[in-house]
Amino acid sequence: MTPPSERNRDLICFSHLRWNFVYQRPQHLMSRFAKQRRVFFFEEPVYDAPSQYNEILDDPLSGICVVTPHISSDTENVPAALGHLLDMFMASRKINTYITWYYTPLSFAFSAHLKPALLVYDCMDELSSFKFAAPELKNWEQKLFANADIVFTGGMHLYEAKKKFHSNIYGVPSGIDVKHFIQARKFTKDTIDQAYIPHPRIGFYGVIDERFNVELLRSVAELRPDWHFVIIGPTAKIDPVSLPTNRNIHFLGMRDYNALPEYLAGWDVAMMPFELNDATKYISPTKTPEFLAAGKPVVSTSIHDVVHPYGDKKLVSIADTPDEFVAAIGQYLSTERSTDWLHEVDDLLKTMSWDDIWKRMDELMTKTINNKTINHENKSQAYV
């Protein structure tokens, strides 16, 4: 646990994800940090303002201060404008001793002048492989690696790809709030907007973007018109018009994180029909353990961090073609799951709580700060 002296340091998190978007790794970790220190969540800018200003939201539930910079779309020097807004905000909140935490290397373009006690890069995804990724992203990531004191990766496959870039790097796959998702095993009443959908139901929640295999979903739905597919989540970076319109596919839109177990409870099988492309090469889906915690069998395409360990342990079925997907789902629908399967799931989930993951990261950060202080003192003494 963080020593009292370390809790005096504020934490500034630079994120490419909005705080009020899908609840995932940044929200889980920052909410826990906020219990011991001030946390400021600096979002990517919104280009809609005639003049520059910071939109500030003090979130009462998490205790986190969310900062959204607004600048003009014709701003000539964006990094300088964002750096100015950042400096003004830090001065207004008297942020003097602090840790910086990066999810997006692009933020380093306007914050490299800061002097944090610790610089953390939580490499959650291979952002440079995502659709519409900024061409300069790889260059800024190299600079972030060169300046970071400690690096975490959101999955083990990503760790293998990144470990050569830093000497103090750790693979830390995302965890799960077991108590939250295990509630799905007890719900018996269906949600109003899902109650009309016939069984069997095969469900997915998450962002519908270039990582989601729309054509696989369409083909499976056509092969089994008697099955119904429930899709929960926002659409991003793809044209909604391109989504399949099969009568047995039901797009419900985005739902609150707190409501997800109730929707999960009404599914017969959970699915993860991800594309196998550059954008999914290193992903480590947090929904895998969430679906399992709900007691739902899972069928997924062969994403590396799903195959290992979930597929290896026979806790998730792996299928890549429409026929394979139909066969795997059909097997689950026709076979009652044994209590042994659920026991194996629960044994694995015991090692994956967000509290334990956050504690490990926090301890590694404290160790890194201590080593950094010792090294600085040794260098100072060498010049005496």
Side-chain angles (χ1 to χ4, degrees), residues 22-25 28 154-155 173-187 190-191 194 197 199-208 211-213 216-217 220 227-233 250 252 254-274 280 283-320 324-325 328-333 335-354 357:
V22 176
Y23 200 93
Q24 47 193 306
R25 184 181 180 99
H28 279 292
S174 292
I176 178 176
D177 185 345
V178 177
K179 290 182 180 179
H180 181 58
F181 286 96
I182 207 169
Q183 295 177 92
R185 302 184 190 181
K186 300 178 181 179
F187 285 123
D190 221 335
T191 61
Q194 191 171 251
I197 301 173
H199 288 269
R201 294 180 193 151
I202 298 90
F204 170 91
Y205 63 68
V207 182
I208 316 302
R211 295 170 294 177
F212 187 89
N213 194 328
L216 178 58
L217 173 63
V220 173
W227 295 351
H228 289 262
F229 300 85
V230 180
I231 313 297
I232 294 173
H250 311 268
L252 302 187
M254 188 170 174
R255 293 295 181 268
D256 189 84
Y257 173 80
N258 291 325
L260 293 179
E262 197 170 358
Y263 284 93
L264 266 169
W267 300 351
D268 299 291
V269 177
M271 64 175 178
M272 298 194 298
F274 288 113
T280 62
I283 65 171
S284 184
T286 57
K287 58 184 60 60
T288 315
E290 292 171 356
F291 289 163
L292 291 173
K296 300 302 173 183
V298 183
V299 179
S300 172
T301 49
S302 54
I303 299 300
H304 183 279
D305 282 7
V306 177
V307 175
H308 315 289
Y310 303 100
D312 295 339
K313 294 178 179 291
K314 308 299 182 186
L315 298 179
V316 170
S317 289
I318 306 299
D320 288 325
E324 290 172 349
F325 232 77
I329 293 172
Q331 181 67 26
Y332 280 134
L333 291 176
T335 307
E336 187 173 345
R337 293 178 299 285
S338 68
T339 54
D340 289 342
W341 177 84
L342 209 52
H343 288 324
E344 289 182 41
V345 166
D346 290 342
D347 285 343
L348 180 62
L349 297 180
K350 287 177 183 177
T351 68
M352 300 180 63
S353 77
W354 274 117
I357 288 170

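In this text the structure is predicted, and so the values were computed from the model without any measurement. Numbering starts at 1 and runs along the sequence shown.
- To the nearest 0.5 Å, atoms CD (Glu262) and CZ (Phe187) are separated by 5.0 Å.
- Looking only at side-chain heavy atoms (C-beta outward), Leu333 and Trp227 come within less than 4.5 Å of each other.
- With Trp267 as the fixed residue, the side chain to side chain donor-acceptor pair (under 3.5 Å) test singles out one of His228, Gln194, His199: Gln194.
- Taking the salt bridge (charged side-chain N to carboxylate O under 4.0 Å, His left out) definition, one finds that Asp347 meets it with Lys350, sequence neighbours left out.
- The closest donor-acceptor contact from the side chain of Arg201 to the backbone of Leu264 lies at 3.5 Å or more, if one exists at all.
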* Quick one: do Ile176 and Phe291 satisfy side-chain contact (heavy atoms from CB on, under 4.5 Å)? Show the steps, please. => CA-CA 10 Å; Ile176 178 176; Phe291 289 163; over 6 Å; no
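- In this structure the side chain of Val220 never reaches within 4.5 angstrom of the side chain of Met271, judged on heavy atoms.
- Residues Phe229 and Phe204 place their aromatic rings such that the two centres sit no closer than 6.0 Å.
- Checked options Thr288, Val306, Val307; the residue passing with Ser300 is Val306 (criterion: side-chain contact (heavy atoms from CB on, under 4.5 Å)).
- Side chain of Thr280 to backbone of Arg211: no donor-acceptor contact under 3.5 angstrom is found.
- Counting only heavy atoms from C-beta outward, the side chains of Ile303 and Met272 never approach each other to under 4.5 Å.
- Remark: side-chain polar atoms of Asp320 are paired, donor with acceptor, to backbone N or O of Ser302 under 3.5 angstrom.
- Residues Ile231 and Leu217 have side chains in contact (heavy-atom distance under 4.5 Å, counting atoms from C-beta outward).
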